[in-house]
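Remember, predicted model here, so these are calculated numbers, not experimental data. Order of listing sets the numbers, starting from 1, for every ligand and every atom in it. Throughout, numbering of the chain's residues begins at 1 and tracks the sequence.
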Amino acid sequence: MSQKDIEMELKELRDKLNRWSNEYYVLDTPSVEDSVYDKHYQRLLELEQANPDLVTADSPSQRVGGKVLSGFTKVNHDIPMLSLGDVFSKEELIEFLERLENSVEQKLDYSCELKIDGLAISLTYENGKFIKGSTRGNGVIGEDITENLKTIKAIPMELNEPVSIEVRGECYMPKKSFVELNTKREAEGQAVFANPRNAAAGSLRQLDTKITASRNLSTFIYYLMEPEKLGIKTQTEALNKLESWGFKVNNESKQVKTKEEIFAYIDEATDQRANLPYDIDGIVLKVESFAVQSQVGNTVKVPRWAIAYKFPPDEQETKVLDIEWTVGRTGVVTPTAVMEPVTLAGTTVARASLHNPDYLREKDIRIGDTVKLHKAGDIIPEISEVVLAKRTEDSVEYQIPTECPECGANLVHLDDEVALRCINPQCPALVKESLTHFASRNAMDIRGLGPRIIEQLYNREMIKDVAGIYSLTFEQLITLDKFKEKSANNLLTAINNSRNNSIERLIFGLGIRHVGAKVARILAENYKSMDNLAKAKSDEISTIDSLGKIIGDSVEMYFADEHVMELLDELRQAGVNLEFLGKTREEQLESSTDSSFNGLRVVLTGTLDTLKRSEAKSWLEAHGAKVTGSVSKKTDLLIAGHDAGSKLTKAQELNVRVMNEAEFIQQMEEES
Ligand code: IVH
């Protein structure tokens with residue numbers, strides 16, 4: 001390939017990827033599958049790695065972070081980043097508007113916008129290229145966070161026109177990402193963020209920009225500086241222009257002329273608040289005309305042409321009845337406040353996580369206290385504060401437990417963790433949680449083996465570890481509460497099927513610290529077998545793209561334990577597959593149309609309700625399977641309708657994977 005060809009291909013790839021990314025992150029209208037994006041992105045990386053001098057600033061590869069900063073330099077805001085004046089009722093809002101309209105002696109049009117609860121950022125573009133981004137700071141001096149902002153996919157690196165502009169907007173974390181991040185942090189023993197705004201702020205000010213990149217932040221841009229220079233006359237016009245340049249602009253804004261329209265907007269926003277994927281704390285009203293905005297001007301801190309109407313806090317008082325401590329899969333012991341039930345944002349709430357002992361101590365929550373309860377990010381019940389005036393005189397400070405509530409072992413703080421942990425590997429809570437995790441959907445996917453069944457199996461000493469799952473018998477299962485012949489057989493089939501899983505499920509299912517489903521997949525692809533992985537050293541694991549030293553150390557330490565090696569042997573003897581069976585991601589991408597039935601020897605048995613036997617057979621053959629009449633050691637899969645009889649028994653004896661008709665149809669649909 002000539003240099004020219006490479007340059008051309010790179011440009012084409014960048015343009016395509018940036019367009020798809022813009023459709024996905026800015027416009028919310030993805031036009032291609034993730035796999036298509038990934039395939040092109042891999043090609044871009046390949047070409048860039050071979051030609052590092054051809055990497056441009058607008059390449060999507062520059063969004064992954066990786067720069068470790070030594071600090072944030074200060075930035076002067078030539079035009080200060082103002083804050084907004086607040087009102088808390090419709091009456092106060094009317095007063096503000098009347099005063100404003102009197103001062104200019106005319107009726108005004110307004111732009112109604114949602115007040116996004118994030119943090120203000122400023123972005124500078126020169127000739128359409130992103131060159132600098134900063135925080136608001138104190139309004140006059142902020143911090144340079146350019147490298148962090150480059151990782152946010154909603155921020156365009158190059159605009160659709162070569163304009164030189166400065167824009168301002170809000171950086172926020174979507175509610176869903178906030179919940180996921182906190183759940184992960186809590187399980188890992190780290191402090192949680194109080195709300196999406198704090199999470200966004202914490203994520204933006206990271207010296208390691210890879211962390212910012214991993215946090216799924218987004219932005220809404222709502223302010224164009226010096227619009228008159230570009231001949232733009234109103235806020236609505238500015239928002240449209242911002243959108244056409246490629247910024248993500250909130251599309252709930254509305255141009256209004258009357259008070260009734262403003263009130264209707266407030267009511268609608270109040271109603272819809274809980275359904276929005278991001279947090280808002282009010283609405284913002286701005287004078288439409290920039291000429292009028294300049295005419296009325298600003299006070300030192302806030303503009304006279306805009307106002308924020310803040311929602312009243314949705315808070316309820318209730319009483320703390322108890323503080324419960326539960327032991328999670330990773331041994332983290334978490335306190336939960338149990339309260340008198342109250343209704344909050346439409347749901348009844350009686351429990352709120354207190355996250356960790358530091359949090360509990362800081363808030364000084366005691367049993368019997370009256371507390372104020374709200375929903376963080378509109379979703380997670382959280383105690384805002386104790387109503388001290390209502391505390392009784394005999395109230396005593398809550399004592400943090402020193403022993404595990406389940407097994408009595410001493411609780412510890414690992415490293416610098418805020419969490420308390422039980423590190424007794426035999427702790428029943430830990431064992432039961434790890435069994436539940438092992439059987440869960442993204443791990444070994446043993447349907448029907450949920451927490452309640454595990455509780456019974458464990459309490460009746462039928463299993464003590466994950467290997468024990470594979471020696472459960474029909475006779476044992478049938479003795480469980482509500483178990484009949486059918487449920488016992490279904491569970492045995494599910495257990496049997498899990499023997500044939502590829503190892504990424506097992507690696508994830510073992511619950512190794514810092515190894516989630518995605519990391520498990522990467523490890524499986526790289527090491528191909530449990531035996532290889534068990535021998536891998538941290539240094540080597542750390543060099544794998546997107547893994548690091550923390551994961552490397554954790555995996556090495558996990559397999560250094562002789563009990564783990566014994567467990568692997570038991571799993572091997574139980575017939576559990578210990579090899580990687582899947583395709584690598586590249587192979588998958590290359591043959592994404594290949595069927596998962598390709599090359600399998602399949603037997604059909606029993607009565608099928610929906611499909612004709614002949615239809616199923618020809619579909620399988622068309623997708624590369626060989627359909628045979630009898631079950632043998634060579635059979636890869638049995639598709640069993642009801643009344644399956646002896647072929648099913650034989651398949652179970654031979655550890656052959658079994659699928660029922662519904663599962664088969666689902667798979668057919670996925671592949672068609
Ligand atoms: S306009 C000069 N519009 O609210 C006026 N601000 O409490 C600049 N905010 O500092 C702000 N959504 O961080 C504006 N649609 C919106 C907003 C918004 C959220 C934030 C912004 C501001 C703060 C004031």
Legend entry - side chain to side chain donor-acceptor pair (under 3.5 Å) evaluation trace for Ser59 with Glu48: CA-CA 10 Å; Ser59 167; Glu48 287 187 345; 2.7 Å; yes
Legend entry - Cationic tip of Lys115 above Tyr309 ring, under 6.0 Å, 45° of axis: no
Inset, instruction - Using a strict 4.0 Å threshold on nitrogen-to-oxygen distance, state whether Lys129 and Glu158 make a salt bridge. - result: yes
Legend entry - Sidechain N-carboxylate O distance under 4.0 Å for Glu161, Lys241: yes
Legend entry - Results of side-chain contact (heavy atoms from CB on, under 4.5 Å) for Glu268 - residues two or more places apart only: Gln272
Inset, instruction - Take Gln293 and Glu288, measure what side chain to side chain donor-acceptor pair (under 3.5 Å) needs, and give me the verdict at the end. - result: CA-CA 8 Å; Gln293 287 191 8; Glu288 264 283 76; over 6 Å; no
Quick one: table the atom pairs, ligand 1 N or O against protein N or O, below 3.5 Å, distance rounded to 0.1 Å.
residue	atom	partner	partner atom	Å
ligand 1	3 (N)	Lys286	NZ	2.9
ligand 1	4 (O)	Lys115	NZ	3.1
ligand 1	6 (N)	Tyr222	OH	3.4
ligand 1	7 (O)	Lys115	NZ	3.0
ligand 1	12 (N)	Ile116	N	3.0
ligand 1	13 (O)	Glu170	OE1	2.7
ligand 1	13 (O)	Glu170	OE2	3.3
ligand 1	13 (O)	Tyr222	OH	3.3
ligand 1	15 (N)	Glu113	OE1	3.1
ligand 1	15 (N)	Leu114	O	3.1

